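Below: one structure, written as structure tokens.
Since we're looking at a predicted model, the values are computed, not measured. We count residues from 1, following the sequence as given.
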Amino acid sequence: MTPVVECAKAHRSIRKFTDQPITPDQLDAILQSGIAASSSSLLQAVSVIRVTDPEKRTRLAQLAGNQQYVATAAEFLVFIIDYQRHKTLNPEVQTGFTELTIIGAVDAGIMAQNCMLAAESLGLGGVYIGGLRNNPDGVDDVLELPEGTAVLFGMCLGHPDQNPELKPRLPQQVLVHQDRYQPLDTDAVARYDDVTRAYYAARSGNNKDSGWSEQITTKLAGESRPHMKLYLNRKGLALK
């Protein structure tokens with residue numbers, strides 16, 4: 001296998017970092033890797049905000065659910081859907097279509113994963129921060145996000161100060177279909193539940209006594225950030 005494949009397969013979320021900074025050359029390589037990512041129709045409807053102000057970092061950590069590594073990681077990047085630049089170029093452009101919101105979110109995800117993979121290839125680690133969507137209006141205030149933009153997630157980056165276990169994923173036979181959508185292999189999922197239950201019981205912190213199916217079906221039994229639709233609409237996105 002190539003080093004890129006091995007790096008991708010070794011991904012782990014890192015939430016504890018040393019005090020060592022990321023060098024300007026490393027950060028530039030990470031961001032340039034993200035900018036080089038695929039973009040639907042070359043719309044490039046994404047912006048990244050590098051947050052260096054300690055007060056802003058502290059406030060964003062609070063808004064994300066008191067995730068303190070947001071405040072202390074060497075770098076914190078915020079990925080946003082951005083159609084403000086397109087409206088600045090031409091106020092007549094129509095950016096309220098749901099498809100365009102989806103494109104912005106997809107492009108941001110592709111760009112961010114390029115950044116994460118580049119960072120990990122440099123010996124760094126990181127974690128995604130979806131908790132910024134707990135209070136998107138608060139994030140807007142901190143980062144002064146205008147109409148036509150919307151916060152999606154953050155990314156902590158730094159030199160790892162922990163070595164967490166690899167979290168098991170669903171087997172390929174469950175996730176990958178051929179030629180048509182295929183019924184769920186419940187036996188394979190049951191085996192995966194046993195694997196995840198053993199993983200949670202044995203890992204060094206935040207032990208749990210449940211499998212994947214139980215956790216996920218419980219999570220999906222209730223609402224998840226129902227305020228996001230109204231937030232997007234207020235920002236002029238996903239209107240129709």
Side-chain angles (χ1 to χ4, degrees), residues 11-22 27 30-31 34 46-82 84 101 104-120 124-162 164 167 200 203-206 208 215-216 218-220 222-235 237-238:
H11 169 72
R12 296 164 300 165
S13 293
I14 301 297
R15 295 176 173 85
K16 186 178 180 182
F17 305 94
T18 71
D19 294 333
Q20 184 178 353
I22 292 175
L27 181 60
I30 291 165
L31 293 174
V46 183
S47 280
V48 181
I49 299 179
R50 179 192 180 204
V51 186
T52 59
D53 183 304
E55 292 185 4
K56 289 178 180 286
R57 285 273 210 108
T58 297
R59 181 59 181 145
L60 291 174
Q62 294 168 344
L63 293 170
N66 295 315
Q67 299 186 64
Q68 289 308 307
Y69 29 90
V70 171
T72 58
E75 295 287 342
F76 185 61
L77 308 176
V78 178
F79 291 77
I80 65 172
I81 297 173
D82 187 358
Q84 177 60 32
T101 301
V106 169
D107 277 12
I110 296 170
M111 181 180 186
Q113 190 58 27
N114 261 27
C115 289
M116 181 67 77
L117 186 59
E120 291 173 338
L124 304 171
V127 64
Y128 290 98
I129 308 295
L132 291 181
R133 297 193 304 278
N134 291 346
N135 193 331
D137 293 313
V139 176
D140 278 10
D141 291 341
V142 172
L143 301 181
E144 302 176 37
L145 300 186
E147 184 178 0
T149 68
V151 62
L152 290 171
F153 52 84
M155 179 189 291
C156 295
L157 293 172
H159 293 266
D161 194 25
Q162 61 178 171
K167 185 178 290 185
Y200 284 125
R203 70 179 180 177
S204 53
N206 193 22
K208 301 177 183 178
Q215 288 188 60
I216 297 307
T218 299
K219 182 177 179 62
L220 295 178
E223 290 185 317
S224 180
R225 299 187 180 117
H227 54 266
M228 283 303 298
K229 184 179 188 303
L230 291 176
Y231 166 72
L232 291 171
N233 293 165
R234 286 197 302 273
K235 302 307 293 288
L237 300 170

Inset, instruction - For the pair L143 and L60, evaluate side-chain contact (heavy atoms from CB on, under 4.5 Å) and give the outcome as yes or no after the intermediate values. - result: CA-CA 9 Å; L143 301 181; L60 291 174; 4.3 Å; yes
Inset, instruction - For residues A150 and L232, report the shortest heavy-atom separation together with the two atoms involved. - result: CB-CD2, 3.7 Å
Result block: side-chain N/O donor-acceptor pairs under 3.5 angstrom for residues 48-55, not counting sequence neighbours:
| residue | atom | partner | partner atom | Å |
| --- | --- | --- | --- | --- |
| R50 | NE | E75 | OE1 | 2.8 |
| R50 | NH2 | E75 | OE2 | 2.9 |
| D53 | OD1 | E55 | N | 2.8 |
| D53 | OD1 | K56 | N | 3.2 |

Inset, instruction - List the atom of P136, the atom of M228, and the distance in Å for their closest heavy-atom pair. - result: CG-SD, 3.9 Å
Legend entry - Note, M155 side chain near Y128 side chain (heavy atom, < 4.5 Å): yes
Inset, instruction - Decide side-chain contact (heavy atoms from CB on, under 4.5 Å) for Y200 and Q215; before the verdict, give the C-alpha distance in whole Å, the side-chain angles of both, and the deciding distance to 0.1 Å. - result: CA-CA 12 Å; Y200 284 125; Q215 288 188 60; 2.8 Å; yes
Inset, instruction - With the side chain counted from C-beta on, respond yes when L77 and L31 share a heavy-atom pair under 4.5 Å apart, and no when they do not. - result: yes
Legend entry - Residue pair H159 / P21: nearest heavy atoms and the distance that separates them: NE2-O, 3.2 Å
Legend entry - CZ-SG distance between R57 and C156, expressed to the nearest 0.5 angstrom: 7.0 Å
Legend entry - For Y231 against T149, the heavy-atom pair lying closest together: OH-O, 4.3 Å
Legend entry - Residues which pass side chain to side chain contact (heavy atoms under 4.5 Å, CB included) with S47, listed by chain and number, not counting sequence neighbours: I80, D82, R85
Inset, instruction - Please round to the nearest 0.5 Å and tell me the distance separating atom CG of L132 and atom CG of L63. - result: 7.5 Å
Inset, instruction - Report the distance from atom CD1 of I22 to atom CZ of F17, rounding to the nearest 0.5 Å. - result: 8.0 Å
Legend entry - side chain to side chain contact (heavy atoms under 4.5 Å, CB included) partners for Q162, two or more places apart: I14, R15, K16, P164
Inset, instruction - Without swapping roles, check the side chain of N233 against the backbone of A238 for a donor-acceptor pair under 3.5 Å. - result: yes
Inset, instruction - Could you tell me which non-hydrogen atom of S13 sits nearest to which non-hydrogen atom of V127, and how far apart they are? - result: CB-CG2, 3.8 Å
Inset, instruction - Report yes if some heavy atom in the side chain of L157 is under 4.5 Å from a heavy atom in the side chain of L124; otherwise report no. - result: no
Legend entry - Residues in side-chain hydrogen bond (donor to acceptor under 3.5 Å, both in side chains) contact with H11, at least two apart in sequence or another chain: E120
Inset, instruction - For D141, enumerate each residue passing the side chain to side chain contact (heavy atoms under 4.5 Å, CB included) test, keeping only those at least two apart in sequence or located in another chain. - result: none
Inset, instruction - Evaluate the side-chain contact (heavy atoms from CB on, under 4.5 Å) criterion for residues V46 and L152: first the C-alpha distance (whole Å), next the side-chain angles of each, then the deciding distance (0.1 Å), finally the verdict. - result: CA-CA 10 Å; V46 183; L152 290 171; over 6 Å; no
Inset, instruction - Measure the CE-CE distance between M116 and M111 for me, rounded to the nearest 0.5 Å. - result: 13.5 Å
Legend entry - Residue pairs fulfilling salt bridge (charged side-chain N to carboxylate O under 4.0 Å, His left out) with at least one residue in residues 124-138, sequence neighbours excluded: D137-R234
Inset, instruction - Measure the spacing between NZ of K167 and CZ of R12 and express it to the nearest 0.5 Å. - result: 12.5 Å
Inset, instruction - Locate the shortest heavy-atom distance separating G34 from C115; write the atom from each residue and the value. - result: CA-SG, 3.6 Å
Legend entry - Reported CD1-to-CG distance for the pair I81 and L145, which is rounded to 0.5 angstrom: 11.0 Å
